[in-house]
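Structure first, then comments.
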Amino acid sequence: MRKYVVFVVLLSVVGLGAVEINPWEFASDNALIGAAVRIDSTRQISDDLVAGGAFVEVAAPVPGDATLGGAHVRLLSDVAGNLMAAGAAVEISGEIKGKADVIGASLQLDGTFTDSLEAGGAVIFLRGHVKGPVMLSGAEIFIEYGAIIEDTLRYSAGRLHIAEGAVLKSGAREFVPEPKEKPEVEKKLPRRTFGRWLIGTIIGFLFFAGAGLFISLVLPHHFKNVTGRLMVNPGLSALTGGIALLGLPLVLFIVILLFASVVGIGAGLFVSAFYLIGIIFSIIYAGTAMGRWLLSAARKGKEPHIIISMLLGTFIALVLFRIPYVGWVFRIAAFVFGFGALLVSLWLEIKPRTAQG
């Protein structure tokens, strides 16, 4: 359970994109968080290593445990302890003397794994040497030429490819089937597991964090203005967003009428796009306002960095959204407050221009 929490914290920094941000106060000399984290072979690492960012590359030996996370993770050196790595694309080389846990969309495992190896991803390429137990879970798994597996290969995959030249010394392969279906009485109930909940939360967070990073870099003044408006006057924002929510059926009817005529297609597309963007960014506005409020309270009124506020607030919002049965309440609240703050801010920006004209 603890290692998945670490994965969530590390993956949250992917939204930093190309912006360098100083590590938080809990970061030590061997805990690095930034847009791009590169540790070359000349650097001396004294103990455990924690690194996270959009791009993470480690070429210096790690004498202790290594915990790495980001969009693209590359480990080119040896690790004396355990390894935990998570990312969209993960490449592992060198020798891992402790246990190795790797998760991601695309995994390339080229190193030597002295202890056990557990890997899960959409596509897994194994070219390295695994001396201990191995468990691979993925849609498609490739055991490629040069790979050596000394212990039993346990796998759960849609397709398993074993190339000529790959060596399975024990000769044993064990397929791990999906859990059996529940009895007919329980079959209609959705099957909820922590793993699925965690993966869904991570994917949702990465999407909204990326969208938040985009708007914070492209429209920083607008972003601060909308979230600030929500913090200063949440009541007006909620009232405006509530009206927009109640008027959604009427808006859909108007959009259908607009699409019925060639002249109104452009207006229909504009209204549809505006509501769609509002639904997406309302979560970011509401989450960022919450993050700003929490960090400002913790720092005794000192204004926090807008991107840190966005990451924290968006992560908390996604966790609330993913709560079974009641998560929809938080989703509606985020739309009402976030979309309402957007509408109020746009109106206040347009109104002076209209008056001057």
Side-chain angles (χ1 to χ4, degrees), residues 1 3-4 6-8 10-11 56 66-79 82-182 187 190-203 206:
M1 180 76 70
K3 68 182 180 180
Y4 291 114
V6 174
F7 286 157
V8 173
L10 286 177
L11 283 172
V56 176
T67 304
L68 314 175
H72 188 180
V73 176
R74 299 184 67 199
L75 175 63
L76 308 176
S77 58
D78 298 341
V79 176
N82 299 328
L83 168 67
M84 289 188 292
V90 181
E91 304 173 29
I92 304 296
S93 301
E95 181 179 3
I96 313 301
K97 295 184 178 179
K99 296 180 180 179
D101 294 284
V102 187
I103 184 172
S106 174
L107 307 181
Q108 296 188 29
L109 308 175
D110 301 336
T112 299
F113 301 89
T114 304
D115 205 317
S116 63
L117 168 64
E118 291 190 19
V123 183
I124 301 175
F125 300 91
L126 176 62
R127 308 184 187 94
H129 185 176
V130 185
K131 299 180 180 180
V134 55
M135 175 64 197
L136 305 177
S137 302
E140 200 155 13
I141 298 175
F142 296 85
I143 310 297
E144 301 198 324
Y145 175 84
I148 301 175
I149 300 177
E150 296 189 10
D151 210 320
T152 300
L153 168 62
R154 301 178 69 244
Y155 68 95
S156 176
R159 294 182 180 179
L160 175 66
H161 309 272
I162 301 179
E164 293 185 8
V167 178
L168 275 64
K169 287 190 175 181
S170 69
R173 279 183 280 168
E174 178 183 345
F175 176 72
V176 181
E178 293 290 332
K180 294 182 179 180
E181 292 185 356
K182 294 185 178 181
K187 195 171 182 180
R191 184 174 180 272
R192 291 185 175 90
T193 64
F194 177 76
R196 291 187 177 184
W197 181 90
L198 179 64
I199 292 174
T201 303
I202 291 174
I203 294 173
L206 293 179

Gap separating the [atom1] atom of [X] from the [atom2] atom of [Y], nearest 0.5 angstrom:
X	Y	atom1	atom2	result
Leu168	Ile162	CG	CD1	5.5 Å
Leu126	Ile148	CG	CD1	10.5 Å
Thr114	Ile96	OG1	CD1	8.5 Å
Ile92	Leu117	CD1	CG	9.5 Å

* **Residues in side-chain hydrogen bond (donor to acceptor under 3.5 Å, both in side chains) contact with Ser116, at least two apart in sequence or another chain** =>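 Ser116 satisfies side-chain hydrogen bond (donor to acceptor under 3.5 Å, both in side chains) with no residue once adjacent residues are dropped.
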
* Asked: Got a sec, which pairs hit salt bridge (Lys or Arg N to Asp or Glu O under 4.0 Å) with one end in residues 66-75, sequence neighbours left out?
  ->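 Only Glu57-Arg74, Arg74-Glu91 qualify under salt bridge (Lys or Arg N to Asp or Glu O under 4.0 Å).
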
* Any pair with a residue in residues 123-149 that passes salt bridge (Lys or Arg N to Asp or Glu O under 4.0 Å), sequence neighbours left out, goes on the list, sorted by first then second residue, please. =>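 As it turns out, the salt bridge (Lys or Arg N to Asp or Glu O under 4.0 Å) pairs with a partner in residues 123-149, which skip direct neighbours, are Asp110-Arg127, Arg127-Glu144.
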
On a heavy-atom basis, which atom in [X] and which in [Y] lie closest, and how many Å separate them?
X	Y	result
Ser137	Ile124	O-CD1, 3.4 Å
Gly98	Asp115	O-CB, 3.2 Å
Val73	Ala86	CG2-O, 3.6 Å
Val56	Gly69	CG2-O, 3.6 Å
Gly120	Leu107	O-CD1, 3.6 Å
Leu109	Ala119	CD1-CB, 3.9 Å

* To do: Decide yes or no for Leu160 and Ile143: does some side-chain heavy atom of the first lie under 4.5 Å from some side-chain heavy atom of the second?
  =>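 The answer is yes, as the side chains (C-beta and beyond) meet within the 4.5 Å cut-off.
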
* With side chains defined as the heavy atoms from C-beta onward, is the minimum distance between Leu153 and Leu136 less than 4.5 Å? ->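 Result yes, sub-4.5 Å side-chain heavy-atom pair found.
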
* Sequence neighbours excluded - ring-ring contact (aromatic ring centres under 6.0 Å, His included) pairs with any residue from residues 86-128 ->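 Of all non-adjacent pairs touching residues 86-128, those that pass ring-ring contact (aromatic ring centres under 6.0 Å, His included) are Phe125-Phe142.
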
* To do: Identify, with sequence neighbours excluded, every residue that meets side chain to side chain contact (heavy atoms under 4.5 Å, CB included) alongside Ile203.
  =>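 In terms of side chain to side chain contact (heavy atoms under 4.5 Å, CB included), with neighbours along the sequence ignored, Ile203 is linked to Ile199.
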
* Asked: With sequence neighbours excluded, what pairs up with Asn82 under the side chain to side chain contact (heavy atoms under 4.5 Å, CB included) test?
  ->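 Asn82 satisfies side chain to side chain contact (heavy atoms under 4.5 Å, CB included) with Asp65, Lys99 only.
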
* Short side-chain donor-acceptor distance under 3.5 Å, His129 and Glu95 ->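 Note: Glu95 and His129 side chains miss the donor-acceptor criterion.
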
* Only counting residues at least two apart or in another chain, list the ones meeting ring pair (Phe, Tyr, Trp, His ring centres under 6.0 Å) with His72. =>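 Result, ring pair (Phe, Tyr, Trp, His ring centres under 6.0 Å) vs His72: Phe55.
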
